[in-house]
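The structure under discussion appears below in the form of structure tokens.
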Amino acid sequence: MIGRLNHVAIVVPDLAAASAMYRNALGAEVSAPQDLPEHGVTVIFVILPNSKIELLHPLGDNSPIAAYLERHRDGGMHHICYEVDDILAARDQLISQGARVLGDGVPKNGAHGKPVLFLHPKDFAGTLIELEQV
Ligand code: CO
């Protein structure tokens, strides 16, 4: 069912430092920071040959990643995103297998303007999983 790895999201306490580390130490192609106020994050895209890394930092008062950064002061891996062809079919198959979909189960428009859902980390080896319909 799942297809390509779309991105790995890493919450960072200092975007400029994380950007410099990926650019200089790891030699990666790194975008400028982009504010996504409707998602409560500022993001920097690290472009890899076969996928992306998203460096996320809280933006605004109700950021969904603020609590994560409180618990992980040095930052950390927040979620991984897999591509699916049909997000509703994927959701229904997951529910039939006993997996928990976060929220009301209705796909929302994600940071790339495409429908996404999140799956409970306790059902997936402690990893928050995002599904994105591509
Ligand atoms: Co994501």
Side-chain angles (χ1 to χ4, degrees):
M1 177 175 70
I2 59 171
R4 282 167 36 98
L5 175 66
N6 185 277
H7 61 270
V8 175
I10 299 173
V11 174
V12 301
D14 182 335
L15 269 179
S19 175
M21 188 260 291
Y22 269 86
R23 181 184 291 113
N24 301 331
L26 292 171
E29 180 185 342
V30 176
S31 80
Q34 297 177 24
D35 290 342
L36 302 176
E38 66 276 23
H39 294 287
V41 298
T42 301
V43 61
I44 287 176
F45 297 100
V46 179
I47 313 300
L48 306 180
N50 63 345
S51 196
K52 295 188 293 282
I53 306 295
E54 297 183 1
L55 305 175
L56 303 177
H57 188 75
L59 175 67
D61 294 332
N62 297 312
S63 174
I65 59 169
Y68 184 92
L69 197 52
E70 288 284 312
R71 293 195 307 275
H72 305 86
R73 297 278 179 175
D74 296 327
M77 204 200 84
H78 187 260
H79 65 268
I80 59 180
C81 177
Y82 298 119
E83 298 180 355
V84 295
D85 292 330
D86 182 336
I87 201 164
L88 295 178
R91 175 197 65 189
D92 293 346
Q93 178 180 331
L94 283 155
I95 291 171
S96 78
Q97 295 295 313
R100 287 168 284 181
V101 176
L102 299 187
D104 60 9
V106 178
K108 306 266 190 310
N109 262 1
H112 315 112
K114 295 177 178 163
V116 303
L117 284 172
F118 285 89
L119 308 177
H120 201 299
K122 289 200 167 149
D123 296 334
F124 294 94
T127 307
L128 178 61
I129 290 179
E130 178 180 24
L131 298 179
E132 180 172 301
Q133 181 170 292
V134 295

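Heavy-atom basis, side chains included; hydrogens, waters and symmetry copies ignored. Model, not experiment: these values are computed from the prediction.
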Are more than 12 heavy atoms from other residues, nucleotides or ligands located less than 6.0 Å from atom [atom1] of [X]?
X	atom1	result
Lys108	NZ	yes
Asp35	CG	yes
Tyr68	OH	yes
Asn24	CG	yes

Do [X] and [Y] sit in one hydrophobic cluster, given that two such residues count as connected whenever their side-chain heavy atoms are within less than 4.5 Å of each other, even indirectly?
X	Y	answer
Leu26	Met77	yes
Leu55	Ile80	yes
Leu56	Ile47	yes
Val43	Leu69	yes
Val41	Phe45	yes

Can you tell me how far the [atom1] atom of [X] sits from the [atom2] atom of [Y], to the nearest 0.5 Å?
X	Y	atom1	atom2	answer
Leu36	Thr42	CG	OG1	7.5 Å
Ile65	Ile10	CD1	CD1	12.0 Å
Leu128	Asp123	CG	CG	11.5 Å
Asn109	Glu132	CG	CD	9.5 Å
Leu131	Ile2	CG	CD1	8.0 Å

Is there a side-chain contact between [X] and [Y] (heavy atoms, below 4.5 Å)?
X	Y	result
Leu94	Met1	yes
Tyr82	Leu5	yes
Leu48	Ile53	yes
Leu119	Val101	yes
Leu59	His39	no
Arg4	Glu83	yes
Glu54	His78	no

Exercise for review: Report the relative orientation of the aromatic rings in His79 and His7; use parallel for angles under 30°, tilted for 30 to 60°, perpendicular for over 60°.
Suggested key: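 Rings of His79 and His7: perpendicular, as their planes differ by over 60°.
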
Minimum heavy-atom distance [X]-[Y], with the two atoms named:
X	Y	result
Val46	Ala28	CG1-CB, 3.6 Å
Val84	Ala90	CG1-CB, 4.2 Å
Ser31	Ile44	O-CG2, 3.5 Å
Pro115	Pro107	CB-CB, 3.9 Å
Ile87	Leu117	CD1-N, 3.7 Å
Ser63	Gly40	OG-O, 2.6 Å

Is a side-chain donor or acceptor of [X] paired with a backbone partner of [Y] at a separation under 3.5 angstrom?
X	Y	value
Ser19	Ala16	no
Ser51	Asn6	yes
Thr127	Ile129	no
His120	Lys122	yes

